[in-house]
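Before any comments, here is the structure.
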Amino acid sequence: MAEVDGRKPDPAGVGSAVMFCGPCGDVKASSFCKDCHEYLCSSYTRCHERLEAIKHHQLLKGSQFPPSYPTRQKMASDSESFEKCSDHPLEDVKLFCKTHRALCCVACTAAMHKHCKKDYIPDIAKNYVTGVEYSKLQTDIQDLDQLKVQCQADIDRCIKEVDELNWDKVDKLTKYKKYIIEYLNQRENELIAEMQQLHDNDLSLLKDIQGRLKTWQSELSDARALTNCSSQQRGPRLWLISCRSL
């Protein structure tokens with residue numbers, strides 16, 4: 001556990017533990033950065049003091065050099081808020097190289113970005129959080145949340161209206177279908193009644209004509225028979241025919 005903290009026991013077994021540089025791991029530390037919560041060797045101390053982005057960090061040296069981490073819990077929580085460097089897995093990414101537009105740790109800075117313009121990410125983040133852009137972003141997020149709620153309410157309402165509209169159309173179609181069937185049945189019954197009445201009238205008329213035709217046939221037969229009889233017999237028969245016609 002002591003080695004993880006940057007400490008190694010005194011080889012002689014006496015005195016306090018020897019503190020080692022966090023980035024190097026095996027070089028004796030000469031300072032402690034209160035902002036980075038990390039022990040630094042003399043090389044990294046000079047790097048801290050020269051880099052524009054981090055030269056304002058408070059370095060503890062000499063009599064102020066702490067024998068252990070001031071607040072291990074705070075250091076752990078602060079470290080969890082940073083990403084780890086892909087090239088130096090033990091280092092936190094705390095710097096942004098403006099020249100190369102790249103994220104880097106203290107080790108990257110010392111090796112490849114000594115003369116680049118850099119920003120200290122915690123400072124940038126602090127300024128961003130207190131800036132107008134972040135405030136506008138929060139307002140936009142709140143507006144979007146409200147818009148999302150309103151959109152969901154509109155969608156639910158439209159779905160309900162669509163369902164009700166479809167069933168309303170089905171209901172109207174069913175009623176119209178029932179009305180058509182009832183109307184067709186009514187007209188069918190009316191037409192059947194009218195046809196039956198016409199049939200009865202026509203049949204009665206035809207029977208009447210048929211009866212008269214039989215009468216005319218009988219009279220025609222009598223008239224034909226009259227023409228064949230003697231002159232003495234015609235008189236009475238003509239009288240009978242005239243009586244029938246009356």
Side-chain angles (χ1 to χ4, degrees), residues 4-6 19 21-25 29 31-41 43-61 64 66 68-165:
V4 175
D5 293 344
M19 308 308 299
C21 176
C24 297
S31 68
F32 178 82
C33 178
K34 291 186 65 176
D35 296 273
C36 296
H37 299 281
E38 196 163 37
Y39 287 97
L40 304 172
C41 64
S43 296
Y44 276 103
T45 299
R46 288 193 298 271
C47 180
H48 247 63
E49 293 172 339
R50 288 198 304 265
L51 293 176
E52 184 67 27
I54 57 176
K55 68 179 184 180
H56 63 281
H57 287 191
Q58 186 178 0
L59 298 177
L60 303 180
K61 304 177 183 178
Q64 294 182 337
S68 61
Y69 288 136
T71 52
R72 285 177 49 79
Q73 184 177 1
K74 183 179 187 303
M75 185 263 177
S77 63
D78 289 345
S79 179
E80 289 174 358
S81 64
F82 293 97
E83 294 182 6
K84 294 297 181 182
C85 178
S86 58
D87 296 327
H88 307 91
L90 298 179
E91 294 298 317
D92 295 330
V93 175
K94 297 182 179 180
L95 297 169
F96 176 72
C97 177
K98 299 171 68 175
T99 304
H100 298 97
R101 301 191 63 79
L103 298 172
C104 51
C105 66
V106 176
C108 293
T109 301
M112 296 176 290
H113 303 279
K114 287 183 179 180
H115 305 291
C116 300
K117 292 183 178 179
K118 293 170 284 295
D119 286 329
Y120 185 54
I121 293 176
D123 291 343
I124 298 175
K126 182 179 180 181
N127 294 333
Y128 178 78
V129 171
T130 58
V132 177
E133 184 178 356
Y134 181 74
S135 177
K136 184 178 182 300
L137 177 62
Q138 286 184 314
T139 302
D140 292 342
I141 290 174
Q142 292 177 354
D143 293 341
L144 289 174
D145 284 338
Q146 294 178 358
L147 181 60
K148 180 192 70 174
V149 173
Q150 183 61 44
C151 288
Q152 187 60 51
D154 292 340
I155 291 173
D156 294 340
R157 177 178 52 80
C158 290
I159 291 175
K160 182 179 179 181
E161 290 179 356
V162 168
D163 290 340
E164 291 178 351
L165 180 62

What distance separates [X] [atom1] from [Y] [atom2], expressed to the nearest 0.5 Å?
X: Glu161; Y: Asp154; atom1: CD; atom2: CG; result: 9.5 Å
X: Gln150; Y: Gln152; atom1: CD; atom2: CD; result: 11.0 Å
X: Glu49; Y: Ser31; atom1: CD; atom2: OG; result: 7.5 Å
X: Asp119; Y: Lys94; atom1: CG; atom2: NZ; result: 16.0 Å
X: Ile141; Y: Lys136; atom1: CD1; atom2: NZ; result: 11.0 Å
X: Cys104; Y: Met112; atom1: SG; atom2: CE; result: 7.5 Å

Specify the closest pair of heavy atoms between [X] and [Y], including all atoms of both residues, with the distance to one decimal.
X: Tyr44; Y: Cys21; value: CD1-SG, 3.8 Å
X: Ile121; Y: Phe96; value: CG1-N, 4.1 Å
X: Lys118; Y: Cys97; value: CG-CA, 4.0 Å
X: Cys116; Y: His100; value: SG-CE1, 3.2 Å
X: Cys108; Y: Cys85; value: SG-SG, 3.5 Å
X: Ala29; Y: Tyr39; value: CB-CB, 3.7 Å

Min side-chain heavy-atom separation [X]-[Y] under 4.5 Å:
X: Glu133; Y: Leu137; value: no
X: Asp92; Y: Glu83; value: no
X: Thr99; Y: His113; value: no
X: Phe32; Y: Lys61; value: no

Test log, rule salt bridge (Lys or Arg N to Asp or Glu O under 4.0 Å), inputs Asp156 and Lys160 = CA-CA 6 Å; Asp156 294 340; Lys160 182 179 179 181; over 6 Å; no

Residues in side chain to side chain donor-acceptor pair (under 3.5 Å) contact with Asp145, at least two apart in sequence or another chain | none

Taking side chain to side chain donor-acceptor pair (under 3.5 Å) as the test, write out the residues that go with Asp143, two or more places apart.
->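 Testing Asp143 for side chain to side chain donor-acceptor pair (under 3.5 Å), a comparison that skips the adjacent residues, returns none.
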
Please walk me through it: do His48 and Val106 pass side-chain contact (heavy atoms from CB on, under 4.5 Å)?
-> CA-CA 8 Å; His48 247 63; Val106 176; 4.2 Å; yes

Has the side chain of Asp35 got a donor or acceptor atom that lies under 3.5 Å from a matching backbone atom of Gln58?
-> yes

